[in-house]
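Written out below as structure tokens is the structure these notes cover.
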Amino acid sequence: MAEMEYIDAIRLAMKEEMEKDENVFVLGEDVGVKGGVFTTTKGLQDQFGEERVIDTPLAESAIAGVAIGAAMVGMKPIAEMQYSDFMLPATNQIISEAAKIRYRSNNDWSCPVVVRAPIGGGIFGGLYHSQCPESIFFGTPGLKIVAPFTAYDAKGLLKAAINDPDPVLFFENKKCYRMIKGDVPLDDYTVPIGKANVLREGTDITVIGYSMPLHFCLQAAEELEKEEGISAHILDLRSLQPLDRDAIIEAVRKTGKVLIVHEDNKTGGVGAEVSAIISEECLFDLDAPIKRLCGPDVPAMPISPPMEKFFMLSKDKVKQAMHELAVY
């Protein structure tokens, strides 16, 4: 066990899987010599060579297409999209091809590809380097989607994704890379896709979320308990597709008051589906309307620093929403 940053846990997962299986390889823009724009692949090309850590042209559709083709003939590609915003040119390959290969082939073919992509704002990156596009892919059967928050989950879920026989989108919040640290086993382990994780036990309100906003949720929960005696139960979805319905239902029934938090736009986001599950399964367990705190429904992240701050979630915004729910 060693304490490491989120980004190091991701790099270690790729390193271990590449050492274990020569069919695992990495491709993407600047993943080789430069080691990735955020250094997530730093040192991998030095260890495994240019044929297994491949610098590609600036062509996301080609990155996805090559990865899908390689996966169909037995390879295990890890395709890095430099920013999740850049995935959009590859949506046809991901949604129309990767997600449907097993179904259209009557189970004769599979597509064990992992597409890694950084999500989230807060870096003054503006509209092409700050988006959370998970809702674009969320409603596509055939895709698995994960968004780890802890360093432990970052390693374990990525290893599970690499060894999954079907396509997995692996969303990493870029603010987590250096901010989130934790104990990570140095031996081999996986975290199962499709299982949520309770980050904090509580009795008054339930907070459900994923990725970087959970950092604010935990901070707010600590302050509210000290200042007002409000006890918050916090559930990390970590797997967005499939969602852990049983964990969601159990978390809701613990308190009867639910706040759903994510950085992606509110309308049509993952939180809307979570809210639908709660409405279908837990209507008579609720003591307050389901509350959502999400990114505003604007076309893109503003590049103006004050406007970006207005857009972004924060500890204070989450704390206020949790307080309002608790006193409802």
Side-chain angles (χ1 to χ4, degrees), residues 81 84-85 87-88 91 94-95 99 115-122 130-150 153-154 157 161 167-176 191-199 206-218 233-252 258-282 289-301 311-313 317-318 321-322 325:
M81 300 292 170
S84 61
D85 315 54
M87 292 176 72
L88 298 187
T91 49
I94 295 170
I95 293 175
V115 180
R116 293 181 39 249
I119 61 173
S130 307
Q131 307 308 307
C132 291
E134 51 267 30
S135 61
I136 294 172
F137 303 95
F138 178 63
T140 303
L143 293 178
K144 295 177 182 176
I145 305 173
V146 294
F149 166 64
T150 67
D153 287 348
L157 279 169
V168 180
L169 305 186
F170 192 89
F171 288 121
E172 311 156 3
N173 192 294
K174 58 183 75 76
K175 294 287 285 186
C176 287
V191 173
I193 295 172
K195 294 294 183 182
N197 181 42
V198 175
L199 296 179
T206 294
V207 182
I208 299 174
Y210 60 91
S211 197
M212 182 60 196
L214 290 167
H215 179 66
F216 305 131
C217 296
L218 289 168
H233 185 84
I234 301 178
L235 181 70
D236 177 6
L237 292 173
R238 67 183 178 184
S239 176
L240 310 184
Q241 191 63 270
L243 286 167
D244 189 345
R245 294 176 65 96
D246 291 342
I248 292 168
I249 293 167
E250 182 180 353
V252 172
V258 186
L259 172 66
I260 303 167
V261 182
H262 59 66
E263 189 178 325
D264 193 7
N265 301 126
K266 183 176 184 178
T267 300
V270 174
E273 182 63 25
V274 174
S275 181
I277 291 170
I278 296 168
S279 297
E280 290 172 349
E281 303 291 343
C282 306
I290 301 165
K291 187 176 181 67
R292 285 181 288 163
L293 179 65
C294 310
D297 289 331
V298 298
M301 178 73 69
F311 181 104
M312 292 290 293
L313 298 178
K317 290 179 182 178
V318 174
M322 291 168 67
L325 181 63

Show the nearest heavy-atom pair for residues [X] and [Y], with the distance to one decimal.
X	Y	result
Ser239	Ile193	OG-CG2, 3.8 Å
Phe311	Ala300	CE1-O, 4.5 Å
Ile249	Cys282	CG2-SG, 3.7 Å
Gly142	Pro167	O-CG, 3.5 Å
Tyr210	Asp236	CA-OD1, 3.8 Å
Leu157	Pro148	CD1-CB, 3.9 Å

Sequence neighbours excluded, the answer for ring pair (Phe, Tyr, Trp, His ring centres under 6.0 Å) partners of His233 is none

Any side-chain heavy atom of [X] sitting closer than 4.5 Å to one from [Y]?
X	Y	value
Ile260	Val270	no
Thr91	Phe137	yes
Ile290	Val252	no

Donor-acceptor pair, distance only, cut-off 3.5 Å: does the side chain of [X] make one with the backbone of [Y]?
X	Y	result
Lys317	Met312	yes
Asn265	Pro296	yes
Lys266	Asp297	no
Gln241	Phe138	yes
Arg238	Lys195	yes
Asp85	Ser130	yes

Measure the [atom1]-[atom2] distance between [X] and [Y] for me, rounded to the nearest 0.5 Å.
X	Y	atom1	atom2	value
Ile234	Ile208	CD1	CD1	11.0 Å
Thr206	Met322	OG1	CE	10.0 Å
Ile277	Leu243	CD1	CG	5.0 Å
Ile136	Gln131	CD1	CD	9.0 Å
Leu325	Leu293	CG	CG	11.0 Å

What pairs with [X] under side chain to side chain contact (heavy atoms under 4.5 Å, CB included), at least two apart in sequence or on another chain?
X	result
Pro213	Ser211, Val261, Glu263, Leu313
Pro141	none
Ser84	Met87, Ala117, Ile119, Pro133, Phe171
Ala272	Arg292

Where do Phe149 and Asn197 land on the side chain to side chain contact (heavy atoms under 4.5 Å, CB included) test, with the steps shown first? CA-CA 10 Å; Phe149 166 64; Asn197 181 42; over 6 Å; no

Go through the steps to decide whether Ile248 and Leu237 satisfy the test side chain to side chain contact (heavy atoms under 4.5 Å, CB included), and finish with yes or no. CA-CA 8 Å; Ile248 292 168; Leu237 292 173; 3.9 Å; yes

Under the side chain to side chain donor-acceptor pair (under 3.5 Å) test, residues paired with [X] that sit two or more places apart:
X	result
Lys291	Glu324
Asp264	Ser135
Thr150	Asp153

Name all pairs fulfilling the salt bridge (Lys or Arg N to Asp or Glu O under 4.0 Å) condition that reach into residues 133-147, sequence neighbours left out, sorted by first residue then second. Lys144-Asp164

Where at least one partner belongs to residues 272-281, residue pairs that pass side-chain hydrogen bond (donor to acceptor under 3.5 Å, both in side chains), sequence neighbours excluded: Arg245-Glu281

